[in-house]
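The model shown is predicted, which means the values in this text are computed figures rather than measured ones. Proteins get letters first, then strands, A, B, ... in listed order; numbering begins at 1 in each.
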Amino acid sequence: MPELPEVETVCRGLRAALVGCRLVRVTVRRPDLRFAFPKRFAERLQGRRVVAIGRRAKYILAELDDGAIWMTHLGMAGRMVLGSGSLNEVGLHEHVTIETDDGQHVRYIDARRFGFMDLFPKAGLDAHPRLAGLGLEPVGADVAPLTGPVLAGLFAGRLAPLKAALLDQRLIAGLGNIYACEALFRARLSPTRIAGTVTGARAARLAEAIRSVLEDAIAAGGSSLRDYVQTSGELGYFQHSWAVYGREGEACPACNCDRRVTGGINRLVQSGRSTFFCVKRQR
DNA sequence: CTTTCGTCCTGACTGC
DNA sequence: TGCAGTCAGGACGAAA
């Protein structure tokens, strides 16, 4: 489910509901998500008040009143679902349940168990092994804007295909497979182009495309793939705005070329991931 | 150093 | 309808 826009959507839902609340009961049902929970996770979380909730790349970071950070990564299929009232049924794959002092609860549901949680002192935030190597944050009010020259600087000298460079979290943090494809389409750049050749006007187009596709997706509440839902249980709807992702064989929505003219949306596999692109428009 | 590949896990979908 | 095979949003760690 979650790339940056979906994580941001979940973050906003959690922030609105949980900031100011005390976490009065924490139940962990499976100790074996992607990584083991830290020692005494539930006991340490229990009784803490949530001070703030933010996001770095695809990580949800909740600051607690004892100076700790509660980190959640949703992996490929993780969901945070808010509710209130009785908790008589435990859902399938509901690995963590947290109840608050004002009668709400948040359930962490993750069929594939690729997600994980951590709990550590805020002083160690910048040095956290999952965060320390992350690259630029592409959107957000409190980050330096991603510009063409900045992007060109990141890619300078890189021989990797552009698509692979976009997925490299050490360069730009938070882009995933879907939005990397969509950004390349908006920027009219080929996914197979050598990353280091993206300079000048091309870099400016790509920087703008990355920002705009992420912002548009956040505004739409993210993309719903299979069972993705927001914390409220509502569906995001940006998947209807995908121009190329999952559209192999269709005509290009921008130039309308299709297979009869050896164009249209093609699919190829790059470093094990599907890439969708218009062979005519993206160069 | 850079880059690719296999891997973790379950569920949904496709095609026979 | 059943069943085997394929694929999926991420990211780590081994290997080349």
Modelled atom types, side-chain donor and acceptor of A:Thr197 and A:Arg202, under 3.5 Å
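On atom types as modelled, these side chains do not qualify, holding no pair under 3.5 Å.
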Under 3.5 Å, is there a donor-acceptor pair linking the side chains of A:Gln270 and A:Thr275?
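A pair is found: one side chain offers a donor N or O, the other an acceptor, under 3.5 Å apart.
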When you measure from the side chain of A:Arg112, which nucleotide among C:dG10, B:dG11, C:dA8 comes out closest?
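Of the options given, the side chain of A:Arg112 lies nearest C:dA8.
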From the options C:dG9, B:dG11, B:dC9, select the nucleotide whose nearest atom is closest to the side chain of A:Ile178.
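Closest of the options to the side chain of A:Ile178: C:dG9.
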Is A:Phe114 stacked on the base of C:dG10 when the test is centres under 5.5 angstrom and planes under 30 degrees?
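Yes, A:Phe114 stacks on the base of C:dG10, since the ring centres sit under 5.5 Å apart and the planes are within 30°.
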Where each residue is assigned the nucleotide of DNA chain C containing its nearest heavy atom, which of A:Gln169 and A:Arg267 is assigned the position nearer the 5′ end?
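Checking each residue's closest nucleotide, the 5'-ward one belongs to A:Arg267.
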Whole Å only: how far is the [atom1] atom of [X] from the [atom2] atom of [N]?
| X | N | atom1 | atom2 | answer |
| --- | --- | --- | --- | --- |
| A:Met76 | C:dA8 | CE | C1' | 5 Å |
| A:Phe116 | B:dC9 | CZ | P | 16 Å |
| A:Arg113 | C:dG10 | CZ | C1' | 16 Å |
| A:His95 | B:dC9 | NE2 | P | 12 Å |
| A:Glu248 | C:dT6 | CD | C1' | 14 Å |
| A:Phe238 | C:dG9 | CZ | P | 16 Å |
| A:Leu167 | C:dA8 | CG | P | 13 Å |
| A:Leu154 | B:dT2 | CG | P | 13 Å |

Test applied, side-chain contact (heavy atoms from CB on, under 4.5 Å); reference residue, [X]; option that passes from [options]:
| X | options | result |
| --- | --- | --- |
| A:Leu175 | A:Leu214, A:Leu4, A:Asp168 | A:Leu214 |
| A:Leu136 | A:Val143, A:Leu146, A:Leu171 | A:Leu146 |
| A:Val10 | A:Val81, A:Ile60, A:Ile53, A:Leu82 | A:Ile60 |

May I ask you to decide if the ring planes of A:Tyr245 and A:Phe276 are parallel, tilted or perpendicular, using 30° and 60° as cut-offs?
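Answer is perpendicular, since the angle exceeds 60°.
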A:Lys58 vs A:Pro2 side-chain heavy atoms within contact, under 4.5 Å:
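A side-chain contact is absent here, since even the closest heavy-atom pair is not under 4.5 Å.
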With a 4.0 Å cut-off, would you call A:Glu208 and A:Arg211 a salt bridge?
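Yes, A:Glu208 and A:Arg211 are salt-bridged.
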Does A:Glu63 come within less than 4.0 Å of A:Lys122, counting only side-chain N to carboxylate O?
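Yes, this pair counts.
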With a cut-off of less than 4.0 Å, is there a side-chain N or O of [X] near OP1 or OP2 of [N]?
| X | N | value |
| --- | --- | --- |
| A:His73 | C:dG10 | no |
| A:Lys58 | C:dG9 | no |
| A:Arg273 | C:dG9 | yes |
| A:His93 | B:dG11 | yes |

Listing, residues 35-45 of chain A side-chain donor-acceptor contacts under 3.5 Å, not counting sequence neighbours, or none:
| unit_1 | atom_1 | unit_2 | atom_2 | d |
| --- | --- | --- | --- | --- |
| A:Arg44 | NH1 | A:Lys39 | O | 2.8 |
| A:Arg44 | NH2 | A:Leu119 | O | 3.0 |

Please give the distance between the C1' atoms of B:dT10 and C:dG13 as a whole number of Å.
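It works out to 22 Å between them.
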Using the C1' atom in both, what is the distance from B:dT3 to C:dG9, to the nearest Å?
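That atom pair is separated by 22 Å.
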N/O contacts under 3.5 Å, protein versus nucleotides 3-6 of chain B?
| unit_1 | atom_1 | unit_2 | atom_2 | d |
| --- | --- | --- | --- | --- |
| B:dT3 | OP1 | A:Leu159 | N | 3.2 |
| B:dT3 | OP1 | A:Ala160 | N | 2.8 |

Reading DNA chain C 5' to 3', how would its secondary structure be written in dot-bracket notation, given Watson-Crick and G-U pairs with both distances under 3.5 Å, brackets [ ] for crossing pairs and | for partners on other strands?
.|||||||.|||||||
Tabulated below should be each protein N or O lying under 3.5 Å from an N or O of nucleotides 12-16 of chain C; please produce it.
| unit_1 | atom_1 | unit_2 | atom_2 | d |
| --- | --- | --- | --- | --- |
| C:dC12 | O4' | A:Arg34 | NH2 | 3.1 |

For A:Phe277, what are the other residues in its hydrophobic cluster, where any two members join if their side-chain heavy atoms are less than 4.5 angstrom apart?
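Taking Ile, Leu, Val, Met, Phe, Trp and Tyr as members, A:Phe277 shares its hydrophobic cluster with A:Leu268, A:Val279.
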Which donor-acceptor pairs under 3.5 Å do side chains of residues 16-27 of chain A form with protein atoms, sequence neighbours excluded?
| unit_1 | atom_1 | unit_2 | atom_2 | d |
| --- | --- | --- | --- | --- |
| A:Arg22 | NH1 | A:Gly47 | O | 2.7 |
| A:Arg25 | NE | A:Glu99 | OE2 | 2.9 |
| A:Arg25 | NH2 | A:Glu99 | OE2 | 3.3 |

More than 12 heavy atoms of other residues, nucleotides or ligands under 6.0 Å from CZ of A:Arg170: is that the case?
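It does not: A:Arg170 CZ has 12 such atoms or fewer within range.
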